[in-house]
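Residue numbers begin at 1 in each chain, while the letters A, B, ... track the order of the sequences. All values below were derived from every heavy atom in this structure, side-chain atoms included, with hydrogens, water molecules and symmetry-related copies excluded.
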Amino acid sequence: MLASELLIQALEQAGVEVVFGIPGAQVLSLYDALSRSTRLRHILVRHEQAAAHAADGYARASGRVGVVLATSGPGATNTVTGVATAYMDSVPMVVICGQVPTTAIGTDAFQEADITTITLPITKHSYLVKDAALLQEIVEEAFYIAASGRPGPVLIDIPANIQATKVAARPARSCVRLASYRPTLKGNARQCRQAAELIRATARPLILAGGGVISSNAGKQLRELAELIAAPVANTLMAKAAFSPDSLLALGLVGMHGSPLTNNAVQESDLIIALGTRFSDRVTGDASRFAPQAKIIHIDIDPAEIGKNLRVDVPIVGDLATVLSSLLELLGDFQSPLREGWPPTQVAASSPQPSPSASLATETTWISPSEVFFALNHIAQGREMVYTTDVGQHQMWAAQLLQTSTERGFLSSGGLGTMGFGLPAALGAQIARPEACVLCISGDGSLQMNSQEMATAAINGLPLKVIVFDNRALGLVRQWQHFYYHDNYAHTALDAIPDFCSLAKAYHWQARTYQHHGDDATGITEALKWLLAQEGPALLNIPISRDELVLPMLARGGSLAEEVKHV
Amino acid sequence: MSEHTLSLLVDNQPGVLTRVTGLIARRGYNIESLSVDRTDDLAISRVTLVVGAEHTPLEQIKKQLHKLINVHKIYDLTNEDAIERELLLVRLRVSEKQRAEILEICKMFQAQIADANGDCLTIEASGNHERLAALEDMLRPYGIAEFARTGKIALSRCPTH
């Protein structure tokens, strides 16, 4: 068989169901073989960046490896932003690129780009296949590396002549072993005992849940630990939906746009139990003043994250679910003492909350974003919702206000902060979860960075939904200009073009623009109900004021206790 | 700035050196010297690096290097009394009168004459960094025409039983 056929077979053996891609000259042999596969579904996107985000959304929504197929040169380089997004958020992905024939490599041939070198800092590993006989082994390794340990993207670059080489297939290996790559899964017993001792002695424990809770499927253990030791749970953006917001222990979002209750709880805690998080600057504020009274237990599968940004008292390297299970065993007889004033009381999720957004404008021409989210939370109750977001103010409002604990139900570009992620990620999520209601929360700036993917949704009958918070501006950047550049709104106005309704309709979507009528709250409920009731893909454009802010917000360079002065 | 010596066992494959050096540069380290060749096992190369760090702690760079799939082992020889050697080649243009002095210096440093032609003399010496620096200082007054020095290679001391 040809190496290209072997590749398709290896993908099938790896359990792949769907591949996101666009064909081109140097992947013709692969597409020829792919077209004959009865098990692989190919989703033809409109831009390779979207292929990578769609594979990413598929992976985040399902826990399986997302697969991208792109041609050489511009096809491969177009995936770069998507690969970097997946790398920053530890998403398992295999990117397969065509390459010019081995004899042409290094000659600046047509559509040649050195993609393995370009992606070195943003891939977990990569391969340039120079010997077709190694292809099967490489594919098996790539899937193993992408999905194990701290997950991440792996790139396989395959020259066209290698794809067309005759090779012999062998039976698939049941397990891959690599001498130089053996992720630690079980926590060190002594460190686990130390952690348990600290937990027994603490007065004000706080759990800081990160994205690792989701990638390790440790939601159950997280809940058990929180309840056993009566520790409140603050979540990073990456861990949203990992812990039920209905729990009295749920503190919600921490960090840059976290509530004062949450951030102050961190500052007052005497023991931070950090789970699968890397203490990013958006979480800690000024790291030297993060949780000044606390000892820190840090559990992560990546040893390089331990001590990278913060000094840690008890590090435990291992798979989160496994380590938490051992911890729970060690704490089996733990009786949670009654503690005065701890955990800090969180406003119950269902009761009305003060609006975290605030508008500089006094007019009531616009609906406030928080009203939209409250209506959405109400309507979404009881449905299996998978939310994706783009990047900006709407993303932060979603992180603050959405009430969701659907497993793998909140997909957002956290580390890289990639505008244009939401719509293609929703495509992938909808394919992974055909029964779920997949709703992309976007903004007018972000949506325009990958709006072409509305075509992909329409053609493939993917019934995803989009809400556009349309402030005709790059809102979060504008907010920074407001606070730090004396309202000099340099180049953040996008103006009211396009008309998103017409744009969506051009792609055969159902679309509406929400018309605000003063304080009539039924209007938004009706509009959202309309959106979710559509059988096919549908978009709801919601014009909002340009002067809306995401609040609270930490002061630049400040600690978690220091909010920006709101004028 | 502090200097560190790292010795890495890596896969002997194209692109591996780029992964190692790229990662070190990206994480804020400067590579002061670098030497690479295969080991007794043809599939494995040894990379000896001297790196200077200002901000990033060495521990972090070691952990990041460990994450590279092609890196098998990392030895930190910084605080070890390791065997360290470099090779130096230096070319001088010397008058007949100076030659005897130079040969005397070579003797002191156990340096060899690698090549000689007319007034041109190429000297070869090996040793640790300090020793070769001392030789360089002594030869400089004679006018160095060309100069090449390998990076450091290093092995830890034999274990004591």
Side-chain angles (χ1 to χ4, degrees), chain A residues 84 87 90 99 102 105-106 114-131 134 137-138 141-142 144-146 148-157 176-184 278-279 298 300-312 315 317, chain B residues 2 4 6-31 34 36-49 51 53-76 78-79:
Chain A
Y87 183 75
S90 310
Q99 181 55 277
T102 44
I105 288 179
D114 181 2
I115 194 63
T116 47
T117 304
I118 289 170
T119 55
L120 271 188
I122 53 167
T123 47
K124 191 169 167 187
H125 194 47
S126 55
Y127 300 87
L128 171 59
V129 186
K130 285 186 169 166
D131 178 357
L134 297 176
E137 190 179 321
I138 286 173
E141 272 182 27
Y144 169 63
I145 291 169
S148 58
R150 178 179 182 172
V154 177
L155 187 138
I156 310 176
D157 199 17
V176 179
R177 270 177 213 282
L178 290 167
S180 57
Y181 173 75
R182 290 197 209 107
T184 309
R278 59 192 175 87
F279 294 108
H298 188 189
D300 203 285
I301 196 153
D302 181 359
E305 287 305 336
I306 307 282
K308 186 180 83 175
N309 294 338
L310 279 184
R311 160 204 61 76
V312 173
V317 174
Chain B
S2 53
H4 307 276
L6 295 178
S7 176
L8 278 56
L9 292 179
V10 304
D11 285 326
N12 180 11
Q13 282 172 15
V16 174
L17 192 59
T18 314
R19 288 177 199 275
V20 170
T21 55
L23 190 149
I24 290 170
R26 227 164 37 240
R27 300 270 170 182
Y29 272 70
N30 187 39
I31 297 175
L34 171 71
V36 193
D37 207 343
R38 62 165 187 80
T39 60
D40 57 317
D41 178 350
L42 292 184
I44 300 288
S45 292
R46 185 182 289 273
V47 179
T48 313
L49 284 154
V51 291
E54 275 180 80
H55 304 297
T56 326
L58 186 71
E59 201 52 31
Q60 178 58 210
I61 209 78
K62 278 158 59 183
K63 285 173 169 178
Q64 295 292 349
L65 284 170
H66 261 300
K67 285 169 71 172
L68 296 178
I69 311 283
N70 298 113
V71 173
H72 293 258
K73 275 215 159 95
I74 300 175
Y75 303 94
D76 183 356
T78 309
N79 297 317

| task | Quick one: which of B:Gln64, B:Gln13, B:Arg19 has the most heavy-atom pairs under 4.5 Å with chain A, could you say? | result | B:Arg19
| task | Check whether more than 12 heavy atoms from other residues, nucleotides or ligands sit under 6.0 Å from atom CG of B:Asn79, and answer yes or no. | result | no
| query | How long is the span from the CD1 atom in B:Ile69 to the CG atom in A:Leu178, to the nearest 0.5 Å? | reply | 6.5 Å
| B:Lys63 vs A:Lys308 side-chain heavy atoms within contact, under 4.5 Å | no
| request: Mind checking the NZ-OG spacing from B:Lys73 to A:Ser180? Nearest 0.5 Å is all I need. | output: 11.0 Å
| request: Report the distance from atom NE2 of B:His66 to atom CG of A:Asp302, rounding to the nearest 0.5 Å. | output: 12.0 Å
| said: Heavy-atom cut-off 4.5 Å, strictly under: side chain, backbone, both or neither for A:Thr116 against chain B? | reply: neither
| task | Taking all heavy atoms of B:Lys67 and all of A:Ala304, pick out the closest pair and write down the distance. | result | CD-CB, 3.7 Å
| A:Leu128 portion near chain B, given a 4.5 angstrom heavy-atom threshold | neither
